[in-house]
Novice: 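Below is the structure I would like to discuss, written out as structure tokens.
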Amino acid sequence: MFGFQTWGHRTLQALLASEHEVVLVVTHPRGEGAYEKIWSDSVEDLARENGVEVVVRERPEDQELLDKLKAAEPDVIVACNWRTWIPPQVFALPKHGTLNVHDSLLPKYAGFSPLIWALLNDEKEVGVTAHMMDDTLDAGDIVLQRAVPVGPRDTTADLFAKTLELFGPITVDGLAEIASGRTDFTKQDRSQASFFHKRAEEDLRIDFTWTAEELDRLVRAQCAPYPSAFCFHRGQRLEIIEADVSQAVYGGTPGRIFYREGDGVAIVAGAEARRGRSKALLVKKVRTADGTELKAHEYFKNMGGYLTSRP
């Protein structure tokens with residue numbers, strides 16, 4: 001098995017509890033990245049606790065590792081949350097190939113941060129795909145696929161919790177399909193494929209010409225423990241950590257701090273806002289540049305002025 005972090009840990013747990021024998025585990029070294037500290041369940045520790053040999057690598061391309069894999073004589077490799085390219089001499093080594101587990105409903109949302117991108121794009125369901133690995137990233141034949149609905153107020157953290165529960169079962173069930181002798185797995189429709197990049201600072205920046213519905217999804221997509229969506233107020237960075245869509249329509253210039261509605265403050269949003277056809281982003285909680293979290297009514301003492309995308 002090739003795996004890392006909480007996703008790999010859950011998958012390895014399921015494999016160890018199954019009828020299958022795990023003969024070798026390959027994992028990445030522990031890192032200092034923010035996400036690695038949050039979803040930090042250790043594949044390495046779990047393997048060692050269960051007497052399974054472990055190899056730690058950033059990339060699986062050296063001859064020593066290839067020799068260990070050949071010596072292990074695996075019938076199949078399972079890959080889950082492996083972060084670098086697995087070369088053909090590795091994924092094609094076992095007689096039954098390599099089963100990769102990816103947290104999207106392939107062929108859509110191949111690549112990185114699929115749950116965040118799916119929530120941003122108002123998808124009604126997300127899920128996990130177990131597929132056979134080939135030369136193209138996340139493009140191999142689908143063995144199994146399972147979906148969960150996206151609730152109307154779900155955050156990415158909610159979707160993470162829902163999909164994490166699928167990883168172990170879909171891996172074990174996918175191996176059962178392979179063990180049965182099946183090879184007629186479902187080809188991916190490449191005309192439906194989409195491939196997304198990693199999220200970066202620019203992807204968190206709020207653009208108030210987006211509709212309130214889109215901005216609400218951005219805030220929910222960038223919920224804790226992910227970095228928050230941000231804008232600027234009076235030249236200072238302001239993170240929006242809780243928001244909704246206003247009940248009323250608010251016309252004017254996007255970004256205008258306009259009106260108190262319920263427990264939030266309505267910020268004019270949408271390219272058509274000047275025509276009076278758009279709901280506002282109802283900001284409910286913010287975080288200031290010094291890390292202070294405030295309810296919108298506490299932060300916005302007076303109406304007027306603008307939130308902007310840049311200082």
Side-chain angles (χ1 to χ4, degrees), residues 103-104 108-109 113-127 148-163 194 196 199-233 237-288 293-300 303-310:
D103 53 344
S104 83
K108 294 182 178 180
Y109 299 98
S113 306
L115 295 179
I116 293 179
W117 289 112
L119 181 53
L120 282 172
N121 291 329
D122 201 22
E123 300 290 354
K124 302 309 179 188
E125 60 180 13
V126 293
V148 292
V150 178
R153 300 304 302 163
D154 272 351
T155 65
T156 303
D158 296 322
L159 301 183
F160 166 78
K162 290 180 183 181
T163 55
S194 55
F196 283 83
R199 302 286 293 175
E201 180 85 352
E202 188 62 26
D203 303 304
L204 315 180
R205 190 185 304 276
I206 293 175
D207 178 349
F208 284 98
T209 64
W210 289 20
T211 67
E213 291 80 5
E214 290 171 323
L215 292 176
D216 168 52
R217 291 197 298 272
L218 174 61
V219 172
R220 286 187 286 121
Q222 296 298 154
C223 71
Y226 301 93
S228 300
F230 70 92
C231 56
F232 290 87
H233 184 220
R237 183 181 173 117
L238 186 69
E239 295 181 352
I240 309 299
I241 56 177
E242 185 180 343
D244 205 335
V245 177
S246 69
Q247 293 295 314
V249 169
Y250 295 91
T253 300
R256 179 75 173 187
I257 304 162
F258 191 9
Y259 194 79
R260 292 185 180 91
E261 180 184 289
D263 60 349
V265 171
I267 311 297
V268 177
E272 293 292 303
R274 69 186 186 281
R275 302 180 187 276
R277 297 174 182 172
S278 305
K279 299 287 184 77
L281 180 69
L282 193 67
V283 174
K284 295 186 174 184
K285 189 180 290 185
V286 301
R287 184 184 294 116
T288 60
E293 292 188 11
L294 295 166
K295 293 181 179 179
H297 287 186
E298 297 171 339
Y299 177 79
F300 296 104
M303 299 298 98
Y306 292 86
L307 297 183
T308 58
S309 296
R310 299 183 185 277

Novice: Test of understanding: with side chain to side chain donor-acceptor pair (under 3.5 Å), list the residues that count as partners of Thr163, not counting sequence neighbours.
Specialist: none
Novice: Step through the shown structure and confirm whether more than 12 heavy atoms of other residues, nucleotides or ligands are within 6.0 Å of NZ on Lys279.
Specialist: yes
Novice: Please report the C-alpha distance between Val283 and Tyr299 in whole Å, then the side-chain angles of each, then the deciding distance to 0.1 Å, and finally whether the side-chain contact (heavy atoms from CB on, under 4.5 Å) criterion is met.
Specialist: CA-CA 10 Å; Val283 174; Tyr299 177 79; over 6 Å; no
Novice: Taking all non-hydrogen atoms of both residues, which atom of Pro227 and which atom of Leu204 are closest, and how far apart?
Specialist: CB-CD1, 3.7 Å
Novice: Can you give the donor-acceptor pairs under 3.5 Å from side chains of residues 151-159 to other protein atoms, not counting sequence neighbours?
Specialist:
residue: Arg153; atom: NH1; partner: Asp216; partner atom: OD1; Å: 3.3
residue: Arg153; atom: NH1; partner: Asp216; partner atom: OD2; Å: 2.8
residue: Arg153; atom: NH1; partner: Asp244; partner atom: OD1; Å: 3.4
residue: Arg153; atom: NH2; partner: Asp216; partner atom: OD1; Å: 3.0
residue: Arg153; atom: NH2; partner: Ala243; partner atom: O; Å: 3.0
residue: Asp154; atom: OD2; partner: Gly151; partner atom: N; Å: 2.7
residue: Asp154; atom: OD2; partner: Lys162; partner atom: NZ; Å: 2.7
residue: Thr155; atom: OG1; partner: Ala157; partner atom: N; Å: 3.3
residue: Thr155; atom: OG1; partner: Asp158; partner atom: N; Å: 3.2
residue: Thr155; atom: OG1; partner: Asp158; partner atom: OD2; Å: 3.2
residue: Thr156; atom: OG1; partner: Ala221; partner atom: O; Å: 2.7
residue: Asp158; atom: OD2; partner: Thr155; partner atom: N; Å: 2.9

Novice: So, does Glu123 use its side chain to make a donor-acceptor pair with the main chain of Val150 at under 3.5 Å?
Specialist: no
Novice: So, for Arg199 and Asp203, which heavy atoms are closest and what is the spacing to 0.1 Å?
Specialist: NH2-O, 2.9 Å
Novice: Please name the residue in the list Phe230, Phe208, Phe232 that meets the side chain to side chain contact (heavy atoms under 4.5 Å, CB included) test with Leu307.
Specialist: Phe208
Novice: For Ser309, give me all partners under side chain to side chain donor-acceptor pair (under 3.5 Å), at least two apart in sequence or on another chain.
Specialist: none
Novice: Tell me every residue that passes side chain to side chain contact (heavy atoms under 4.5 Å, CB included) with Arg274, counting only those two or more places apart in sequence or in another chain.
Specialist: none
Novice: Taking the inter-plane angle between the rings of Phe196 and Trp117 on a 0 to 90° scale, is it parallel (under 30°), tilted (30 to 60°) or perpendicular (over 60°)?
Specialist: tilted
Novice: In terms of side-chain geometry, is the basic nitrogen of Glu298 or Lys295 positioned less than 4.0 Å from the acidic oxygen of its partner?
Specialist: no
Novice: For atom NZ of Lys284, is the number of surrounding heavy atoms from other residues, nucleotides or ligands below 6.0 Å larger than 12?
Specialist: yes
Novice: Residues two or more places apart in sequence or in another chain: which of them pass side chain to side chain donor-acceptor pair (under 3.5 Å) with Glu202?
Specialist: Arg205, Arg310
Novice: Above 12 or not: heavy atoms from other molecules or residues under 6.0 Å from OH of Tyr306?
Specialist: yes
Novice: Tell me whether the count of non-hydrogen atoms from other residues, nucleotides or ligands lying under 6.0 Å of CD in Gln247 goes above 12.
Specialist: no
Novice: Considering residues at least two apart in sequence or located in another chain, which fulfil the side chain to side chain donor-acceptor pair (under 3.5 Å) criterion with Arg277?
Specialist: none
Novice: What pair of heavy atoms forms the shortest contact from Val249 to Ser278, and how long is it?
Specialist: CG1-O, 3.3 Å
Novice: Mark yes or no for whether Arg256, through its side chain, and Tyr250, through its backbone, hold a donor-acceptor pair below 3.5 Å.
Specialist: no
Novice: Indicate yes or no: at least one non-hydrogen side-chain atom of Pro149 is less than 4.5 angstrom from one of Lys124.
Specialist: no
Novice: Which pair of heavy atoms, one from Leu215 and one from Asp207, lies closest together, and at what distance?
Specialist: CD2-O, 3.6 Å
Novice: Search all heavy atoms of Val268 against all heavy atoms of Ala273 and return the closest pair with its distance.
Specialist: CG1-CB, 3.5 Å
Novice: Counting C-beta onward and ignoring hydrogens, is there a side-chain heavy-atom pair between Val245 and Leu282 closer than 4.5 Å?
Specialist: no
Novice: Given 3.5 Å as the limit, does a donor-acceptor pair link the side chain of His297 with the main chain of Gly264, or not?
Specialist: yes
Novice: Show the nearest heavy-atom pair for residues Tyr109 and Asn121, with the distance to one decimal.
Specialist: OH-ND2, 3.0 Å
